[in-house]
Amino acid sequence: MYCLAEEVPETDASAFNDLSLSGVTLHVPAASVEAYNAAAPWKNFGTILPIEEVTEPVYIETDVTNQFPTDYQGWTGATGYTPTQFAPRVTTNDGRYVQVCEKFNGGSATEGTVFTRTLSGLTNGTYRIELFGAAASTKGRDTGIDSEMTAENEGDETAVYLYAKTPSGMVQQYIPVHWATSFTEVATAVLNGVEVTDGTIEIGMYSEKKYTNWHVVQIKGVTALVDAEVRHADVLNTAQSVLAEETYANIVGEERTDLEQTISDNATVAERTSTAYKTAIDAIVSATTTFTEAKGSYDEWTYMKNHHYSYATAEKKAAAEAVSEAVPTSAGDAVTKILAMFEPYRRYAESSALMEGVAGAVDMTAYIKNPKAEENIDVMVWQTIRGEGSGGSIKILSGEPWTDGQGSTTHSYFDGGNWGASAWDVTFQQEVTLPKGKYQLTAMGRSETGVTLTLFAADQTAEMVHIGSMGGLFNNGWDQTSVEFELPAESTVAIGVRGVTSTSHNWMSFSDFRLFQFPNGSTGIATLRDELSVTDNSAIYDLQGRRMMKDLKPGLYIVNGKKLLIK
């Protein structure tokens with residue numbers, strides 16, 4: 001129940017005898033609650049509460065007029081542009097100086113819809129639509145039209161109106177009609193509170209009386225009216241959310257501090273005005289954008305910092321970790337620190353691949369034929385195995401090499417997949433016979449993000465990098481991956497890389513296979529005549545995987561998959 005009187009009315013004690021007041025809530029002006037609680041019979045109401053103040057929304061305006069053309073063809077009913085000698089040009093809110101569009105019926109006055117046009121692609125919300133329009137009867141020049149208008153009806157504002165209509169309703173405004181043979185002015189209708197729910201607004205002109213046979217129309221303006229309080233709450237919530245999200249946890253510098261301070265400074269708005277809200281909203285949006293855009297730099301720094309390699313020398317490990325100790329103070333500082341990290345971290349990674357920090361480790365890379373993609377692909381060495389229903393191939397390229405710890409980019413690599421296919425499963429492998437022992441196989445690799453790239457040796461696998469052709473520790477998307485495996489006895493095992501994707505236009509690249517044996521394993525090294533039978537047909541390779549002639553210098557070689565020592 002409501003009572004709007006600020007002073008408590010003098011009321012007979014029996015006035016509310018037909019009501020059970022203890023169960024009724026009475027709403028009164030806020031300043032009068034105490035007085036009503038003290039006066040009989042008002043104090044007998046169960047609850048007395050202040051009337052909530054109803055306030056109009058505060059809007060932030062955004063002019064979107066430039067999204068919409070002014071051509072007459074877009075108006076259903078228009079027959080062309082009105083010549084400027086009959087109607088003045090008009091200026092749209094975004095500054096276009098244009099002609100109005102007309103419909104001239106000649107001898108027939110119009111009743112019903114004159115023009116319609118649909119504005120589409122709008123964000124749902126509240127709009128203000130402004131339309132130019134005019135309507136006239138040419139009966140005054142004895143054209144013989146069937147108009148019911150007379151000269152006395154000049155200026156009538158009950159016949160023709162401009163409107164904006166959506167599923168939520170229609171807003172309209174009448175315009176004066178003319179008894180004229182030209183227009184000296186064109187009226188403007190301002191249609192407020194147009195609620196868009198499906199991204200469209202129908203605009204147009206309608207005639208309720210059989211008065212006018214000549215009509216003109218044009219768009220003046222389309223303005224989005226964003227509820228400032230709702231928008232402020234939305235951007236504030238977004239800012240608080242991204243600040244708390246784990247995905248942005250790596251941002252630890254001034255962008256985080258600035259966003260926290262901006263949220264604190266703009267969580268409330270002192271004045272309930274569009275300017276005050278816009279200032280707060282712009283500040284929050286700007287700080288949030290800066291924060292989220294900083295993510296890539298901090299993530300790259302974290303990615304670099306989180307590289308750990310177990311078998312590098314202590315010196316190279318320390319050199320890498322030394323450049324990653326300082327925490328970035330900004331995204332720009334993170335980039336500076338990343339640039340300083342590349343060389344020591346590459347050397348750290350390469351040292352681990354070569355097991356330089358493991359005393360007694362044995363280089364067994366020579367067991368792998370063509371490990372660096374330096375020769376034509378020999379199907380007897382590297383086999384391309386396609387999964388069921390897969391096509392594709394492997395080739396050797398050098399156009400996007402990695403950058404090693406010494407800064408060299410002179411590297412070849414295997415590259416393949418099935419670019420045009422919507423899905424493929426391609427494996428590139430060779431079989432090697434290795435003596436008993438524990439091993440680490442390392443390779444450089446990269447692939448498009450939609451490819452699952454896997455390094456394998458025997459029954460062990462490790463997922464390789466798939467970040468595309470940019471970034472990575474070694475540039476161009478390259479990074480190093482290792483897998484460990486153990487053989488209880490001399491065995492023939494498959495090693496290689498497998499790529500699987502379910503997306504078209506994907507690829508994979510890999511190279512620089514390195515194989516090392518941990519200490520205390522059987523190295524499989526034999527002298528020329530001790531354990532290994534070398535026939536005239538035996539293929540002999542050096543430790544770089546190059547096939548050699550029989551006239552060999554002293555050193556280590558690979559024959560029939562085993563190491564051979566020639567003294």
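What you are looking at is a predicted structure, and each value in this text was computed from that prediction instead of being measured.
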Below 6.0 angstrom between ring centroids: does that apply to Y413 and W478?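 When the ring centroids of Y413 and W478 are compared, they turn out to be within the sub-6.0 Å range.
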Under 6.0 Å between ring centres: does that hold for F86 and F183?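 When the ring centroids of F86 and F183 are compared, they turn out to be at least 6.0 Å apart.
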Aromatic ring pairing Y72/Y81, orientation class (parallel under 30°, perpendicular over 60°, tilted between):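 Taking Y81 first and then Y72, their aromatic rings stand perpendicular (interplane angle over 60°).
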Taking every non-hydrogen atom, the tightest pair across [X] and [Y]:
| X | Y | result |
| --- | --- | --- |
| A280 | V269 | CB-CG2, 4.0 Å |
| A187 | P176 | CB-CD, 4.3 Å |
| F291 | L259 | CG-CD2, 3.7 Å |
| N93 | E130 | ND2-OE2, 2.9 Å |

For E6, does the CD atom sit with more than 12 other heavy atoms under 6.0 Å from it, leaving out its own atoms?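 It does not: E6 CD has 12 such atoms or fewer within range.
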Answer yes or no: are there more than 12 heavy-atom neighbours, outside K103 itself, under 6.0 Å from its atom NZ?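 Yes, enclosed.
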Does the side chain of T302 pick up a donor-acceptor pair with the side chain of D299 at under 3.5 Å?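 No - no donor-acceptor pair under 3.5 Å links their side chains.
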Out of Y174, Y161, F115, which one pairs with Y206 under the ring pair (Phe, Tyr, Trp, His ring centres under 6.0 Å) rule?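 Going through the options one by one, the only one that passes is Y161.
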Could you tell me whether the side chain of S274 and the main chain of I60 form a donor-acceptor pair under 3.5 Å?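 No, the answer is negative, given that no donor and acceptor are paired below the 3.5 Å cut-off.
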